[in-house]
Amino acid sequence: MSESKDFLRTIVEKDLEAGKYKEIVTRFPPEPNGFPHIGHAKSICINFGIARDYQGHCNLRMDDTNPTTEDTKYVEAIKDAVEWLGFEWDDGVRFTSDYFPRIYDYAVELIKMGKAYVDSLNEEEMREYRGTVTEPGKRSKYALRTVEENLDLFLRMKKGEFKDGEHVLRAKIDMSAANMKMRDPLLYRIRHAHHYRAGDEWHIYPMYDFAHCLSDYIEGITHSICTLEFENNRDIYDWVLDTLRLKLPRPYQHEFARLAINYTVMSKRKLLELVEKGLVSGWDDPRMPTIAGYRRRGYTPESIINFCDQIGIAKANSMVDVAQLEFCIRDDLNTKVPRVMCVLDPLKVTIENYEGSEEFDAPYYPHDVPKEGSRKIPFSKEIYIERDDFMENPPKDYFRLTPEQPVRLRHAYIITCKEVIKDADGNITEIKAIYHPDSKSGSDTSGINVKSAIQWVDAKTAKAVEVRLYDRLYSCEAPEGLEDLNPDSLKVIKNALVEPAVITDKPDERFQFERQGYFYADPVDYTDEAPVFNKIVGLKDSWSKKTKAPAKSERKPQAKKVQVEGEVAPMSEHEQALFDKYTGEFGLNSEVANTLARDEKLSSFYEDALSTLNSPVSIANIVANEVARELKEKQADELLFNAKQIAQLVKMVDEETISSNIAKQVFEQMVKSGEDPTQIVEAKGLVQISDPSQILPIIDEVIAKNPDNVAKFKAGNTKLLGFFVGQVLKATGGKANPKVVNELVEQKLK
RNA sequence: UGGGGUAUCGCCAAGCGGUAAGGCCUCGGUUUUUGGUACCGAUAUUCGGGGGUUCGAAUCCCUCUACCCCAUCCA
């Protein structure tokens, strides 16, 4: 759990404090038309996580309003995924389809209120009538139908008397709304289709915008959390619930940015395509970003939850680096799984001076993992090592076996290369070596220094296994289509060799194959006769990074972005006249004058205040900077304060009765209560303190309390001046004259 | 182009007028019979650009720019 709260939890806490809800209720509402992916995992963690954090609860709801795409197999997949992640829902799974009768009743209600009508335009006409983003739409003539006609038609739609597409039910909102979603959105459409749950009972199905808000309401959801692309839909959400005048409390929708990960596609459509075209083995192919895929790959629920926690929740569209996910699974498995040895690309080594056989007892866990357990590793004259772990002509920093450099066989002896055997083509086929009898692991008296220990297996006893090496499914960071698929995303090694204990003792289902990565016994294809391991993730490898570094100059040297300055709209004649007056006659700087002159509300407010107090610059500053904020979404007559009061406020600042700091506080208060500034100042005793003899002791106190920062300041960190001033100001409730404080602090610290 | 959003390190992300958190990545170093882990250290004088207000601005005001979403009888 990160220590800082995300914006959703901030909202929830505020609502709880305000007593808006007794209990927090969230929901995870997928449509059962595909397998859930890691983006859903994020949503699951958010919704179930918030419910857990605030002692509420979270429903699992199938948003199944479209009979043509949904299926029971997907609801099972969704349930599996949520359960596997470790979350629980109570009262069973919910289904929007269970609410169809109630949703239908609400639609009838809306018709009766004259807020919904049956439209009979065809699809094309409807699109034309909707207008465009810049041009308003126009309403269909069918909107004129009477309530009775609408009721009758809607009932007959329900009974199945019409063909698909003949009629729809629409909300009567506003065909010229700037938000396109509000141009009389569809509420119901006719679909003569079999619903996987509701069967053939319904001939009409509610649209998302109508069903979702009502389902939330029916379940008593308090916070309806969804992704950013639904921001425009929020207006309908609110419209439906408000228009129906439902009993409060009602849910509110909040949006967060969906998860995107580089080298990954997250669209259900594209994932479906991969499955249908057989480009992957199924929804649970270990390369798929589906929860089922990660699960089959060997990821743990903990690692995914931890990942969701680490990436945070915000509203900025972002692309998370897949390295972050990989870190999470390594981090989790590091402390959990046994270490064993496996050779993927075997190179035979014959130890010429060794006869017979023996067994080494080797712990499953390294010294820094506090877990018990060990196994026996057989050893004899013929072994296999990884082909990579021998080099005839090594680069400078190569730590492994070479003709000149001995190496330790992990948990066993040190060996030295004596001869390299090659085939006709010059490929190395075998190494002849000798071992050092006094170098046995744990009782080494040989005094030989080796730079590394490598994995190996005994030729006679090693087990052949299949290992599936998975790499990222796509080869480019922001993949779009099939052309971006990584052709090498799966490499199958049929005859990897693993030490026998892995198969015979089965100490776990996940392993670290030392120096290679984490692997998982495939839950589907693994058998005792033909074991199969999936590579979950490789170990961090600073060696290959070093050697392959030049190849990865992926990042283009990003040309410095040139900021294009757009043109500012010219002022009208009237605005220009004002601007000239403000800069000339009143002596305002051009920026403030510009702000004022261009805004009718501000300029009239300004002149109004000016008629009370002749202090053009000070008034202009406060109007352009503070009042402007309040006037952004309100009209002048909606404000609780007026121009005259602003003039009073400015007067106090001009006369130095209060500091500008206090003036801001007072202004806040005026915004909320409309009280006179003089009253506020009097009531709270906000008169400015400028007398050094009153301020000095406070400064001394602050300095005494922060010796570290004093030292830092004296060492040259002058930014800390602001810290000290802030502390002193805080101690005086903001009343100290900041200019004086600044000077005094500076003197004191010199 | 109307409307709705978003911009803080290579990637995420805190911050809500008073010292620019944290994680991932990267780079050094220590420990290590895994080139793993762990541990130490480095890495934003600056918050999309430009102005303004203020003793003090990532935070308030103005303005410009870039990106995302909306014109499915999908969700």
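So you know, we letter chains A, B, ... as the sequences are listed, proteins then strands, and number each from 1. This is a predicted model, so every value here is computed, not measured.
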Protein and nucleotides 40-43 of chain B: nitrogen or oxygen contacts under 3.5 angstrom:
none

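- As rounded to whole Å, 8 Å separates atom C1' of B/U33 from atom NE2 of A/His411.
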At a cut-off of 3.5 Å, list every protein nitrogen or oxygen paired with a nitrogen or oxygen from nucleotides 57-59 of chain B, distance to 0.1 Å.
none

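- A donor-acceptor contact under 3.5 angstrom links the side-chain atoms of A/Gln512 to the base of B/U34.
- Comparing atom distances between the A/Asn661 side chain and each of B/G35, B/U37, B/G18 picks out B/G18 as nearest.
- Nearer the 5' end of RNA chain B, as judged by each residue's closest nucleotide, is the contact made by A/Arg234, out of A/Arg234 and A/Pro738.
- Rounded to a whole angstrom, the distance from the C1' atom of B/G50 to that of B/A57 is 15 Å.
- To the nearest angstrom, P of B/U33 lies 11 Å from CG of A/Asp444.
- Using a 4.0 Å heavy-atom distance criterion, A/Asp599 is classed as making no nucleic acid contact.
- Taking A/Ser303 as the reference, A/Thr300 meet the side chain to side chain donor-acceptor pair (under 3.5 Å) condition, with sequence neighbours excluded.
- The base-pairing partner of B/G2, taking Watson-Crick or G-U wobble contacts with both distances under 3.5 Å, is B/C70.
- A syn base is found at B/U72: its glycosidic angle is within 90° of 0.
- Atom C1' of B/C73 sits at a distance of 43 Å from the matching atom of B/U8, rounded to the whole Å.
- Taking the C1' atoms as reference points, B/U43 lies 15 Å from B/C11, given to the whole Å.
- A/Phe154 and A/Tyr188 have perpendicular rings, their planes meeting at more than 60° on a 0 to 90° scale where under 30° would count as parallel.
- Protein atom NE2 of A/His367 is 7 Å distant from nucleotide atom P of B/U33, rounded to whole Å.
- For the pairing with A/His212, the side chain to side chain donor-acceptor pair (under 3.5 Å) check across A/Thr96, A/Asp63, A/Thr65 returns one residue only, A/Asp63.
- Between B/C61 and B/A21, the distance separating the two C1' atoms is 28 Å to the nearest Å.
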When you check every protein heavy atom under 4.0 Å of nucleotides 67-75 of chain B, what one-letter string (B, S, -) results, 5' to 3'? -SBSBSBSB
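- Look at CG on A/Asn621: it is 14 Å from C1' on B/G51, rounded to the nearest Å.
- Residue contacts shown for A/Lys730 are absent, as no nucleic acid heavy atom lies under 4.0 Å away.
- With B/G35, B/U19, B/U54 as the candidates, the nucleotide lying closest to the side chain of A/Lys719 is B/U19.
- Applying the Watson-Crick and G-U wobble criteria (two distances, each under 3.5 Å), B/U33 pairs with nothing in any strand.
- Protein atom CG of A/Leu539 is 7 Å distant from nucleotide atom P of B/U37, rounded to whole Å.
- Straight-line distance between the C1' atoms of B/A58 and B/A13: roughly 14 Å, to the nearest whole Å.
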Side-chain donor-acceptor pairs of residues 443-450 of chain A under 3.5 Å, sequence neighbours excluded:
{"unit_1": "A/Asp444", "atom_1": "OD1", "unit_2": "A/Ser446", "atom_2": "N", "d": "2.8"}
{"unit_1": "A/Asp444", "atom_1": "OD1", "unit_2": "A/Ser446", "atom_2": "OG", "d": "2.8"}
{"unit_1": "A/Asp444", "atom_1": "OD2", "unit_2": "A/Arg408", "atom_2": "NH2", "d": "2.8"}
{"unit_1": "A/Thr445", "atom_1": "OG1", "unit_2": "A/Asp438", "atom_2": "O", "d": "3.4"}
{"unit_1": "A/Ser446", "atom_1": "OG", "unit_2": "A/Ile448", "atom_2": "N", "d": "3.1"}

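- Among the nucleotides B/G36, B/C27, B/U19, the one closest to the side chain of A/Phe723 is B/U19.
- One atom, NZ of A/Lys315, and another, P of B/C12, lie 18 Å apart when rounded to the nearest Å.
- Heavy atoms of A/Ile313 sit under 4.0 angstrom from primed sugar atoms or phosphate atoms, though from no base atom.
- Using cut-offs of 30° and 60° for the angle between ring planes, the A/His203 and A/His192 rings count as tilted.
- Here the P atom of nucleotide B/G23 and the CD atom of A/Gln310 are 10 Å apart, to the nearest Å.
- Whole-Å rounding puts the A/Asn742 CG to B/G17 C1' distance at 14 Å.
- Remark: the separation of the C1' atoms in B/G49 and B/A14 is 24 Å, to the nearest Å.
- At a cut-off of 3.5 angstrom, the base of B/U33 holds at least one donor-acceptor pair with the side chain of A/Arg408.
- Looking only at atom types and distance, the side chain of A/Asp216 has a donor-acceptor partner in the side chain of A/Tyr237 under 3.5 Å away.
- No contact: A/Phe513 has no heavy atom under 4.0 Å from any strand.
- Contact check, A/Ser4 against B/A13: no side-chain N or O comes under 4.0 Å of OP1 or OP2.
- B/G17 and B/C60 have their C1' atoms separated by 8 Å, given to the nearest Å.
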Could you go over nucleotides 62-64 of chain B and give all protein N or O partners under 3.5 Å, atom names and distances?
{"unit_1": "B/C62", "atom_1": "OP2", "unit_2": "A/Lys632", "atom_2": "NZ", "d": "3.3"}
{"unit_1": "B/C62", "atom_1": "O2", "unit_2": "A/Glu591", "atom_2": "OE2", "d": "3.0"}
{"unit_1": "B/C64", "atom_1": "O3'", "unit_2": "A/Gly566", "atom_2": "N", "d": "3.3"}
{"unit_1": "B/C64", "atom_1": "O2'", "unit_2": "A/Gly566", "atom_2": "N", "d": "2.6"}

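- Taking the side chain of A/Gln324 as heavy atoms from C-beta on, and the options B/C55, B/G5, B/G23, the nearest nucleotide is B/G23.
- Nucleotides B/G23 and B/A38 are separated by 12 Å at their P atoms, to the nearest Å.
- The base of B/U19 is paired with the side chain of A/Asn709 by a donor and an acceptor separated by under 3.5 Å.
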